[in-house]
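The structure under discussion appears below in the form of structure tokens.
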Amino acid sequence: MLKLYQFERTWGIPNLSPFCCKVETYMRMASIEHDIKPALPMSAPKGKLPYISDNGKALGDSRFIIEYLKSTYHDLDSGLTDEELAISTALQRLLEEHLFWGALYSRWQYADENWQINKKAIFSPLPPIIRDIVANRWRKKIQRQIYGHGMGRHQTEEIFALGKQDIDALAAYLGHKPYFLGDRPTALDASAFGLLINISGCPIESPLKEYALTKENLTTYNERIMHRFYPDLRDSRSGEPLY
Ligand SMILES: N[C@@H](CCC(=O)N[C@@H](CS)C(=O)NCC(=O)O)C(=O)O
């Protein structure tokens with residue numbers, strides 16, 4: 001059986017990693033059977049989550065994983081025009097190579113309360129004796145990545161201003177459509193939902209989250225996908241469906 005390795009579920013959303021959430025959402029949208037295995041990035045083939053294993057082979061990076069799922073199991077993008085495919089690629093790059101870095105900054109650098117919440121969610125599976133050491137080392141590493149990407153060189157207000165431009169573009173392009181490219185979900189929706197639910201549906205407070213929550217169509221979009229593809233996600237206290 002196809003296995004998906006990703007962070008443990010937390011915060012009442014499918015995954016705290018936009019990329020893990022993207023792959024699981026693609027699998028659910030495409031009705032691809034799979035087992036979920038909790039993991040940390042240290043064990044991943046490229047040192048990042050998610051990765052999958054199938055037929056004895058491990059594969060990392062959500063883009064290559066989705067290519068593999070398309071060619072081996074089910075292609076949610078079949079039937080799209082070349083123009084739609086171009087938009088899909090461009091918006092996924094906006095989400096994953098730009099907006100993602102503002103979201104990452106909110107968690108690992110922007111505010112200490114956010115870091116504490118993030119730390120607890122990611123590093124709790126580690127033994128207490130090494131938890132803080134590993135978490136602090138990891139935090140420095142991610143901050144170096146944010147700086148290396150270029151996003152981390154900007155002022156806080158500039159980082160969030162750039163993120164807000166991306167949110168504007170996404171909200172405008174989605175408009176009143178149920179999914180980004182029309183009436184049915186495609187790979188672009190797996191990517192968009194993966195990041196949008198991680199900005200507006202998680203307990204990391206920032207101007208980016210506040211701004212995303214002002215876009216009613218993005219909120220309804222997240223709810224639509226949660227309701228249709230994650231009906232099994234329930235409130236940990238009440239047991240009620242979350243959406
Ligand atoms: N391009 C990769 C990005 C994956 C990624 O950045 N994963 C993060 C979690 S959101 C990670 O595992 N980071 C660990 C690290 O950078 O050390 C993909 O599409 O899968």
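For ligands, and for the atoms within them, numbers begin at 1 and follow the listed sequence.
Between Pro18 and Phe100 there is a side-chain heavy-atom pair separated by less than 4.5 Å. Between Asn15 and Leu49, every side-chain heavy-atom pair lies at or beyond the 4.5 Å cut-off.
A salt bridge links Glu97 with Arg63: the distance from a Lys NZ or Arg NE/NH1/NH2 to an Asp or Glu carboxylate oxygen falls below 4.0 Å. Checked for salt-bridge contact, Arg28 and Asp232 meet the test: a charged N lies under 4.0 Å from a carboxylate O. Residues Lys119 and Asp132 are paired through a salt bridge, judged by an N-O separation under 4.0 Å between the basic side chain and the carboxylate.
In the vicinity of Ser17, heavy-atom distances shorter than 4.0 Å reach the ligand 1 atoms 9 (C), 10 (S). If you number the atoms of ligand 1 from 1 as listed, the ones under 4.0 Å from a heavy atom of Pro41 come out as 12 (O), 14 (C). The atoms of ligand 1 that sit less than 4.0 Å from any heavy atom of Phe7 are 9 (C).
With hydrogens and angles left out, the side-chain atoms of Gln6 and Ser17 include no donor and acceptor closer than 3.5 Å.
Proximity annotation for atom 1 (N) of ligand 1: of Asp61, Leu104, Ile122, Leu195, Asp61 comes nearest, heavy atoms only. Around atom 16 (O) of ligand 1, the closest heavy atom drawn from Arg144, Lys48, Gln92, Lys141 belongs to Lys48.
Ligand 1 has no N or O atom lying under 3.5 Å from any N or O atom of Ile142, backbone or side chain. The N/O atoms of Gln145, backbone and side chain alike, include one that comes under 3.5 Å of an N/O atom in ligand 1. Between Glu96 and ligand 1, not a single N/O pair is under 3.5 Å apart.
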Could you walk me through whether Ser88 and Gln92 satisfy the side-chain hydrogen bond (donor to acceptor under 3.5 Å, both in side chains) test, starting with their C-alpha distance in whole Å, then the side-chain angles of each, then the deciding distance to 0.1 Å, before giving a yes or no? CA-CA 6 Å; Ser88 174; Gln92 287 185 62; 3.0 Å; yes
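Nearest to atom 19 (O) of ligand 1 among the protein's heavy atoms is Ser62 OG, 2.5 Å. The shortest contact between atom 7 (N) of ligand 1 and any protein heavy atom is with Leu49 O, 2.8 Å.
A heavy-atom separation below 4.0 Å is found between Pro50 and ligand 1.
Contact between Met29 and Thr186 at its shortest, heavy atoms only, is SD-O, 4.2 Å.
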